[in-house]
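First comes the structure, then the notes that go with it.
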Amino acid sequence: MELTKKDEEKSLHFIEEIVENDLNSGKYQSIRTRFPPEPNGYLHIGHAKSICLNFGLAKRYGGKTNLRFDDTNPVTEETEYVESIKEDVRWLGFEWANELYASDYFEQLFAFAKDLIKKGLAYVDDNPSEEIARQKGNPTEPGIRNEFADRSVEENLRLFKEMKDGKYGDGEKVLRAKVDMASPNMHLRDPIMYRIKHAAHHRTGNNWCIYPMYDFAHGQSDSIEQITHSICTLEFIPHRPLYDWFIEKLEIFPSKQYEFARLNLTYTIMSKRKLLQLVNEKHVSAWDDPRMPTISGFRRRGYTPESIQMFADKIGVQKRENLIDFSLLEFCIREHLNRVAKRRMVVFDPLKVVITNYTEEFELVQSEENPEDPGAGHRSLFFGREIYIEREDFMENPPKKFFRLAPGQKVRLKSAYIIKCDEVIKGVDGTFEELRCSYIPESRSGSDHSGLKVQGTLHWVSVKHAVPVELRLYDRLFKVEDPSNEDGDFKDYINQESLQIISKAYAEPSLKEAGKEERFQFMRKGYFFLDKESGPGKMVFNRTVTLKDAWAKEQKKS
RNA sequence: UGCCCGAUAGUAUAAUGGUAGUACGACAGAUUUUGGUUCUGUUUGUCGAGGUUCGAAUCCUCGUCGGGCAACCA
């Protein structure tokens, strides 16, 4: 593995420190991690943090990472989600050592459970869930252990077998671990290990009607796979004593659990349940709607794996709750795209300009593909007597620091000539219909000997050669920084203006050759990415992120 | 009010008993054929009170604040 000098100097986060200690002390020769999604939804940027952590650790320290689907609840899990998860992990740039499923271990888990029964550490309880909940007590009052806990090993074994054989209906019986009904940790109050669910499972079909709970599946799966560092989020901290208890009593490989704080991002939500709601209730078009914080949403929006990895790296790994500025993610994507995106000119809201002293029909001018990357070369552009410029780039009575076009004022047309505005043609309602300008022939880009200095440079397209494209401009999905922390329903805070469609923008013709994976910067506007809804006759571009806009900021001030 | 976790600029994140630093943001300026990029500078911080120590963000005590835990979800 390759470490840059910067990496070496960078301090370790607490999990890296634990791993290094375990490696240095000889506790482990190599490490093994796992990424354990439940296939009941699409992965989001929070999962990306976990993916980068788990796979990144193994990569850095020379270990292996399994992709393990935590599929112990058949009613919420689907194959569609399995496929999307695999695609997302790969897209982020990681490859797993093994593709595994908790359901692969159902037989083994069943045997583990019988082992605990034989050790007198598990029993079948006939109580309904409400009664079990009632007997659990509450954080300040101990629970009470009922008479079913006294059943003999033989009876428990027989009953558990009957549960498996389908003799009972859903909810009639559960298998419980006999731990401590008086524990201040509620998770230790004889937790449920197995419940009856007569439901088809996405992988095991109808083979099983009893399914293990998370606590009796996750740690055991880790152990079976000899996971050395089982990394999860903070809410599982109180589960850790149980995690260790099962492993100890089962006398199996001692995987260890470590917890870190999940990612929160401003102006969005990270709950799978709430994201599902946005999809189901059509507040967004799908899981991969470019406004969604899902990995597929970011992908469709034009984010790159590199930018997301960089983001994960920058936010770090800690145990304190956090709410990260969306602007940090935007910084990461701009940083990457600035280096790789090809520059193109697209006019969003056209204002026609006629260059009165230009006598040719048209000519070709050259423009850099990417000024940050001289090796990227140049492209040719049609320049003509009639062009479109951006309507907002002209003002009849401009304020002081307006460096664009105005009557009598000069600007540079990017990669072409300097022009001067001579006349404004207005419609009956006072709107600008057309500008009459003159160009300075000696100011041709690359061979400018006009001696003129202008403050502004505009993007433009030739009217005759312009290609119509559809643009989808996205803004934050929510109007408030922390929607899930506001009063009332989080949906009350949805930003209704999060999508603005420009159905007909004018692009330079080279954009017709845009490839599916190509990244573009529409100069002075933002970064754009071809959407999957594009067809032969219609090109649709998603705005990944705007360019930083100092002028917009300046205007806001006044 | 039982148990558990946490608290460093606006937001994140370092400093592992010895000069509180970095990034993003914000602000100001320079450069610029993108009001982009790049560069320079400025601003703002150890939750509080005690204690240990020559020396505390760091160790101890007591508070305060924030988060989590009482699903046949994961």
Side-chain angles (χ1 to χ4, degrees), chain A residues 10-13 17 36-38 40 70-73 75-77 102 125 127-129 132-134 136-143 170-176 183-189 192-197 210-211 213-215 217-218 232-241 259 261 266 272-273 314-332 334-335 338-339 343 345 367-368 371-372 401-404 411-416 418 443 445-446 448 454-459 481 521-526 546-554:
Chain A
K10 202 181 152 195
S11 56
L12 305 175
H13 64 242
E17 235 163 70
E38 184 189 10
N40 68 344
D70 226 338
D71 56 351
T72 56
N73 185 3
V75 301
T76 55
E77 296 155 3
D125 191 329
N127 278 307
S129 70
I132 289 176
R134 205 182 57 76
K136 269 200 179 164
N138 59 52
T140 53
E141 280 172 61
D170 289 7
E172 269 185 58
K173 283 179 166 48
V174 290
L175 182 72
R176 289 229 256 171
S183 171
N185 180 343
M186 297 297 292
H187 295 276
L188 259 24
R189 319 251 265 227
I192 291 168
M193 294 163 59
Y194 269 93
R195 75 287 212 189
I196 299 170
K197 270 181 198 279
I210 57 170
Y211 292 93
M213 297 286 289
Y214 168 85
D215 286 308
H218 199 97
C232 61
T233 45
L234 257 26
E235 67 269 26
F236 291 99
I237 290 177
H239 294 249
R240 186 171 3 112
E259 311 86 6
T266 55
K272 265 199 224 174
R273 204 195 84 244
K314 281 196 175 297
I315 58 177
V317 178
Q318 258 310 327
K319 292 188 85 152
R320 47 185 110 100
E321 297 288 337
N322 58 77
L323 179 59
I324 312 274
D325 274 348
F326 203 95
S327 61
L328 181 61
L329 224 199
E330 292 185 330
F331 166 79
C332 294
R334 284 190 187 116
E335 159 79 24
N338 178 48
R339 285 172 8 228
R343 313 290 129 126
M345 292 202 274
S367 192
E368 311 95 325
E372 305 300 315
K401 287 194 252 166
F402 187 78
F403 302 149
R404 308 177 183 185
V411 289
R412 156 82 59 187
L413 294 174
K414 173 69 189 171
S415 297
I418 292 173
S443 68
S445 190
D448 184 353
V454 292
Q455 299 227 65
T457 300
L458 307 185
H459 62 282
E481 280 205 335
Q521 184 197 99
F522 293 175
M523 297 194 86
R524 305 208 302 136
K525 286 301 196 176
T546 60
L547 253 34
K548 277 208 264 176
D549 191 346
W551 172 240
K553 230 181 241 178
E554 180 72 30

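Below, read A as the first sequence line, B as the second, and so on, with proteins coming before strands; counting in each chain starts at 1.
- As judged by a 4.0 angstrom heavy-atom cut-off over every strand, A:Tyr194 is placed among residues making no nucleic acid contact.
- Side-chain contact between A:Pro238 and A:Met186 is absent, with no heavy-atom pair separated by less than 4.5 Å.
- When heavy atoms are screened at a 4.0 angstrom cut-off, A:Leu547 is found touching base atoms of the nucleic acid.
- A:Arg240 comes within 4.0 angstrom of no nucleic acid atom, judged by non-hydrogen atoms across all strands.
- Contacts of A:Gln521 with the nucleic acid, taken as non-hydrogen atoms under 4.0 Å apart, include base atoms.
- Within the nucleic acid shown, A:Glu38 comes within 4.0 Å of sugar-phosphate atoms alone, with no base atom in reach, counting heavy atoms only.
- Nearer the 5' end of RNA chain B, as judged by each residue's closest nucleotide, is the contact made by A:Glu321, out of A:Glu321 and A:Gly171.
- Separation of the P atoms belonging to B:U44 and B:C5 is 36 Å when rounded to the nearest angstrom.
- Using a 4.0 Å heavy-atom cutoff across all strands shown, A:Asn127 reaches at least one base atom of the nucleic acid.
- The backbone N or O of A:Asn127 lies less than 3.5 Å from a partner atom in the side chain of A:Asp125, making a donor-acceptor pair.
- A:Met213 comes within contact range of the sugar-phosphate backbone alone, with a heavy-atom separation under 4.0 Å but no base atom that close.
- Nucleotides B:G10 and B:G6 are separated by 23 Å at their P atoms, to the nearest Å.
- Annotation: B:A15 and B:U32 have their P atoms spaced 41 Å apart (nearest Å).
- A:Phe522 comes within 4.0 angstrom of no nucleic acid atom, judged by non-hydrogen atoms across all strands.
- Note on A:Pro128: a base of the nucleic acid sits closer than 4.0 angstrom, heavy atoms only.
- Looking at heavy atoms from C-beta onward, A:Lys272 lies out of side-chain contact with A:Thr76 at the 4.5 angstrom threshold.
- Comparing the C1' positions of B:U58 and B:U8 gives a spacing of 11 Å, expressed to the nearest Å.
- Note on A:Leu323: only backbone sugar-phosphate atoms sit closer than 4.0 angstrom, heavy atoms only; bases stay farther off.
- Not one N or O on the side chain of A:Thr233 forms a donor-acceptor pair closer than 3.5 Å with the backbone of A:Glu235.
- Of all nucleotides in RNA chain B having an atom under 4.0 Å from a heavy atom of chain A, the first and last in 5' to 3' order are B:U1 to B:A74.
- Nucleic acid contact class of A:Gly456 (heavy atoms, under 4.0 Å, all strands): none.
- Residues A:Arg176 and A:Ile132 have side chains in contact (heavy-atom distance under 4.5 Å, counting atoms from C-beta outward).
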**OP:** Step by step, work out the salt bridge (Lys or Arg N to Asp or Glu O under 4.0 Å) result for A:Lys414 and A:Glu368.
**Re:** CA-CA 10 Å; A:Lys414 173 69 189 171; A:Glu368 311 95 325; 3.7 Å; yes
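- Residue A:Arg334 is classed as having no contact, given no heavy-atom separation below 4.0 Å to the nucleic acid.
- Look at the P atom in both B:A56 and B:C39: the space between them is 38 Å, to the nearest Å.
- The ring-ring contact (aromatic ring centres under 6.0 Å, His included) check on A:His218 picks up A:Tyr214, with sequence neighbours excluded.
- With a cut-off of 3.5 Å on both pairing distances, the Watson-Crick and G-U wobble pairs of RNA chain B assemble into stems of 3 or more at B:2-7 with B:64-69, B:10-13 with B:21-24, B:26-30 with B:38-42, B:47-51 with B:59-63.
- Nucleotides B:C27 and B:G66 have their P atoms positioned 31 Å apart, rounded to a whole Å.
- Here A:Tyr214 lies in heavy-atom contact (under 4.0 Å) with a base.
- Each of A:Lys314 and A:Pro139 was matched to the nucleotide of RNA chain B holding its nearest heavy atom; the match closer to the 5' end belongs to A:Pro139.
- Between the side chain of A:Arg412 and the backbone N or O of A:Ser443, at least one donor-acceptor pair lies under 3.5 Å.
- For A:Thr266 (side chain) and A:Phe326 (main-chain N/O), a donor-acceptor pair under 3.5 Å exists by modelled atom type.
- Residue contacts shown for A:Thr457 are limited to sugar-phosphate atoms, with no base heavy atom under 4.0 Å away.
- Annotation: B:A7 and B:A14 have their C1' atoms spaced 16 Å apart (nearest Å).
- Counting only distance, with no hydrogens or angles, the side chain of A:Arg334 and the backbone of A:Thr546 share a donor-acceptor pair below 3.5 Å.
- If you take atom P in B:U43 and the same atom in B:U16, they sit 25 Å apart, rounded to whole Å.
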**OP:** Step by step, work out the side-chain contact (heavy atoms from CB on, under 4.5 Å) result for A:Glu77 and A:Glu38.
**Re:** CA-CA 7 Å; A:Glu77 296 155 3; A:Glu38 184 189 10; 2.6 Å; yes
